[in-house]
Structures are given as C-alpha cells and as structure tokens.
Trainee: 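The structure's right below; bear with me while I get my questions together.
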Amino acid sequence: MTPKVLLDALIPLIADLSRDLNERERYRRLLDALRALFPCDAAALLRLQGGTLVPLAIDGLSHDTLGRRFKVDAHPRLRILLESTAPTRFPADSPLPDPYDGLVQAHAGVLEVHDCMGCAIAVGGRPWGVLTLDALGADRFDGVDPASLQAFAGLAAATVNVVERIGMLSASGEQERLRAEAYRIAADQRRRDLLGQSPAHQRLMDEIRLAGPSSMTVLIGGETGVGKELVANAIHAASPRAGKPMISLNCAALPETLVESELFGHVRGAFSGAVGERRGKFELAHGGTLFLDEVGELSLAVQAKLLRVLQSGQLQRVGSDREHKVDVRLIAATNRDLAEEVRAGRYRADFYHRLSMYPLAVPPLRERGHDVLLISGFFLEENRARLGLLSLRLSGDAQAALLRYPWPGNVRELEHLIGRCALRTLARQTAHPRILTLTAADLGLGDAAALEAASATGPAVSASALPAGAGLRDAVEAYERSLIADSLARHGNNLAAAARELGLDRANLSRMVKRLGLK
C-alpha cells in the first residue's frame, strides 16, 4: 500500500472528526475505509465492557453478530488482540478457534481456514476494544503492512474519542453520572441488554431515558414475552436509585392470601405458619425500586392497601399496629388493558391513575423489523456456549423465516425457539460439529404463518409470480427483491436512506442489490 493510497483513505475520516455525525454513522464510515484499504471480506469494531467484547459495527458479517456478546476468556484470539501492543495476524493453521467462523456472509458452508488479523484500540491509555479483519483466502493479508494497520487503529481511537466526548457534552454532570451507572449495570453479566436498532426500539429507549431520572411511578404495558422486566431494570438503572436494590414480585405467582404478606411483611403469629417476623418487599426495596409484575392480577382489597402506601409512604406489617416509613419508587407491568378493567369495575380507578403516572408501552417483536436478528444473535451465542460449539449460526433462509414470522409470543418465544431448535438439530448430528447451522426447516415456524406475516408487513410475492417448481429459497429472494426495490423507489434510489429504513448496513445492502440483480 502506497502512502498516497493510505492518505486518500484517511483524509475523509479525519474530516469526519469535525462533522456532526451520529455514533452509528461514524463507525460505519470507519469500517468502510478499513475495507477499502485492506483486502478483507469482513471487519468489525468491538468495545470492551467488563470482560465482554460488544460489537458496535460490522461489515461483511451476519447481521445477528451485532446481538452477540463475546466473553474475552472464551475467545483466545480476541484476548490476544486486546493484550498486544501491535497488530496481530493469526496463521492459517492456527489451532485457536475464530469467533467469526460461520458468520462471514460471503461464505455458505463451514469456514475452516482463512486469514485473520486485528489490533487493539486504546483510549486515554486504557484498552477500549478491538478492530478485527477476516478474509476467506489463507494468504490475503500477506501484503498488509502492520504499520499501516497501526496507523488506522490510531485514527479509530480518535473517532471513538470524539464519539465519547460528544456523549459527555450532551448531558449535565448528574445525568452523565446516571448514564454511566446505567452502563455499569447493563454490563453486569446477570443482566440482559435491551437490544435493537429499529425505530420502535429507539422510541422505547428514548422513553426510558426520559422516565428513568424522574420519581414517577411507571406502568409498563405490552404483550406477554416482550421483555417488560428488562425495561423495568433499564428504568431503575437510569434512575438516581440505581445504587440501591430493585426488588421484584410477580403478583400472579402467589395465592391472594400471601400477596399482602409478601408486599408488607408480617409479624409472628399473624396467621397460621407465621413463626417469626418477616420484612416485606417494600421494606427490602427501601431507598430503591419495587417492581410489581402482572399488577393487573391484584385484588381490589390489596389495591386499596397499596394505594395508601404509595400516597403516604407508611405501611403496616400483617398482624401489626406499628407503622413503618418506606421510600420506594414503584414500577409496575401488565399485559392487561387496565383502563378497560377499570370501566368493567374489576380495577380501582384511583389505583390505576396512581400507577399510570408515566405509562410506557413496549412494542411487540413483530413491529421491530430486523431487531429479531440482533436478538437472535444474543440467544445463539448463549446456546453456542452451552452446547460446546465453536459457532452456532442461522442460514439465510432461517433469517428470512424469522423476519417473516409474526411472533405471537414475542422475545420469550424467540428465546425458547432458538434454544429448542439448537438442541434438537445438534442431537440429529452423527458427530459433534464445530459449526452448527440452523435452517428454516430446523426452525419449523410454518409457511402459512410466515406468508401471512409477510403479506401484512411488506410487499406480497404471490406463488403464481414464481417459476414452476420454485422452492423456498426462490420465494425468499423474490420477497427480498420486492422489499428492497420498493424501499429504493421510496427514497429515490438513495442507498443510505434505504439501508436505514431496512435496518441494514449500507455496504451489506449494496451487495444484496448486486446479488439480486437490482439496478
């Protein structure tokens, strides 16, 4: 690579440092320049969060890669890149497993041998993350100058630094503290991230950022399985109470006779079996947050007692005359229409209005477009580790089937489907594979439901429009061609605008346009 070629690629990125661009666009331009300079088939930018590397931008990898979380201890190549001060290239015959095996989009089968290299990114003298490059050929990086890649890594660090400084300037000191605390909790291995890039998901995240720092009671509504508890965790993490506990109670999981004791506690002898004093959920959550799931299942009597606690902050344990003062923020969730329950006389109007100071609706999975692939990536990585696989991936027709399916059970249904499908598909193998690919047939979602969902959410592709004998792959390609063509037409053939609408990287959309024969 000549100095002029390197300079021509870097000058636009340097100019971008002074431009008003969002984080996603900056990282996309960074990877575009990387692939223009170095002969790779896939590239990725990953950020270090705790002991986990989180993909922020990808090019040439399966879309679900963005939803995966790579634990550094489980991926020796990534650990070596983080610990090295210079770019590292792994030999084609390296025995170390590659975290991207099976995820490179241009390859349909098992990826056994390829060229791989990368480098660490440091910001402020501390490890921030890594840049990775993968190529299908075993000798593609023979002509790569490590010094050129090191120079590019320095520019990547400058881009990251700009993104982070803009983020710091966008909030006050207190808001920044809250956001940093939210990141800390989100990085906790026991918590799951709220994954997504769709407009519906972004609106939800905006609502969480708005509601979190307030002291308002939040009522989270949404269908079963959409992740209402994850939303409650995010609200708590974004609040000034983030350093205090969040205590949860599923109101539908307890007999009505025990709900009051669980909420308020009891004294010895209050009822049969009460052999000692016990603090309730409100007292355990003092200073923090109480999350009541399935709050629509509470009886009218319990609603009245809860209303008193919310209004006065005073509670009495069951069987006691003594009052306790508590400071608790309440977050509630339900899949019922509580306004309709009030009209039917099954729910107290005053309690409902106290709960719904800040109503927040979680969108169903079928309204979130390509988010289903990001979330799938998270569950695929979980099951990959659990099943002892090098890679667990989705075939192209499986991804298309996931996008078409209406998801009546939402994210929970997706989680169970991938776990069940991975286990059954692995059991059918005659030998334990390194890479396991799940196909549309393995998922078994059913063509009727998929076609019904496709007709409701996008341009229809009738069976009569396909050649005689056309199979599922032909139907999927026809649907992709129609969907992309319509999006390009709406945006005057602006590739970047169409990519944003479809939830794709621009480079990936460009390759799909060529593959599908679109002009």
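Every value quoted in this text rests on a predicted model; they were computed, and no experiment measured them.
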Trainee: Under the rule for side-chain contact (heavy atoms from CB on, under 4.5 Å), what residues qualify as partners of L96, not counting sequence neighbours?
Mentor: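 For L96 the side-chain contact (heavy atoms from CB on, under 4.5 Å) partners, ignoring immediate neighbours, are P76, R77, I80, F90, S94.
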Trainee: Show the atom names and distances, to 0.1 Å, of all donor-acceptor pairs under 3.5 Å that link a side chain in residues 242-252 to residues at least two apart or in another chain.
Mentor:
unit_1 : atom_1 : unit_2 : atom_2 : d
N250   : OD1    : A252   : N      : 3.0

Trainee: What heavy-atom pair brings V411 and V226 nearest, and what distance separates the two atoms?
Mentor: CG2-O, 4.1 Å
Trainee: Give a yes or no on this: more than 12 heavy atoms of other residues, nucleotides or ligands lie within 6.0 Å of atom CZ of R346.
Mentor: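 Result for CZ/R346: enclosed.
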Trainee: Excluding sequence neighbours, so at least two apart, what forms ring pair (Phe, Tyr, Trp, His ring centres under 6.0 Å) with H75?
Mentor: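 Only F70 meet the ring pair (Phe, Tyr, Trp, His ring centres under 6.0 Å) criterion with H75.
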Trainee: Among residues at least two apart in sequence or on other chains, which ones pass salt bridge (charged side-chain N to carboxylate O under 4.0 Å, His left out) with E283?
Mentor: R317
Trainee: Can you name the residues that form a ring pair (Phe, Tyr, Trp, His ring centres under 6.0 Å) with Y352, not counting sequence neighbours?
Mentor: none
Trainee: Should the pair R203-D206 be classified as a salt bridge under the 4.0 Å nitrogen-to-oxygen rule?
Mentor: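 No salt bridge links R203 with D206.
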Trainee: When rounded to the nearest 0.5 angstrom, what is the spacing between OG in S356 and CE in M216?
Mentor: 11.0 Å
Trainee: Please identify which of these residues, T289, I220, L230, meets the side-chain contact (heavy atoms from CB on, under 4.5 Å) condition with I235.
Mentor: I220
Trainee: Find out whether V372 and L403 are in side-chain contact, i.e. whether some heavy atom of one side chain is under 4.5 Å from a heavy atom of the other.
Mentor: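 Contact flag for V372/L403 side chains = yes.
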Trainee: Answer yes when R348 and D350 have at least one side-chain N-carboxylate O distance shorter than 4.0 Å, and no when they do not.
Mentor: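 Salt bridge: yes.
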Trainee: If the plane angle is over 60° it's perpendicular, under 30° parallel, otherwise tilted; pick one for F282 and F264.
Mentor: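 Parallel.
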Trainee: Check the pair E294, N335 against side chain to side chain contact (heavy atoms under 4.5 Å, CB included), reporting the backbone distance first and the verdict last.
Mentor: CA-CA 7 Å; E294 304 292 353; N335 57 10; 3.8 Å; yes
Trainee: I want to check something: taking the side chain as every heavy atom from C-beta on, are D101 and R393 in contact at a cut-off of under 4.5 Å?
Mentor: no
Trainee: If you compare all heavy atoms of L402 against all heavy atoms of W407, which two are closest, and at what distance to 0.1 Å?
Mentor: O-NE1, 3.0 Å
Trainee: Taking salt bridge (charged side-chain N to carboxylate O under 4.0 Å, His left out) as the definition, give me every residue that meets it alongside R343, ordered by chain and number, with sequence neighbours left out.
Mentor: E340
Trainee: Determine, for E381 against R384, whether the closest basic-nitrogen to carboxylate-oxygen distance falls under 4.0 angstrom.
Mentor: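 Between R384 and E381 there is a salt bridge, with a charged N closer than 4.0 Å to a carboxylate O.
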Trainee: Walk me through it: do L46 and V54 pass the test side chain to side chain contact (heavy atoms under 4.5 Å, CB included)?
Mentor: CA-CA 5 Å; L46 300 93; V54 178; over 6 Å; no
Trainee: Less than 4.0 angstrom from a charged side-chain N to a carboxylate O is my criterion; do R366 and E223 meet it?
Mentor: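 Between E223 and R366 there is a salt bridge, with a charged N closer than 4.0 Å to a carboxylate O.
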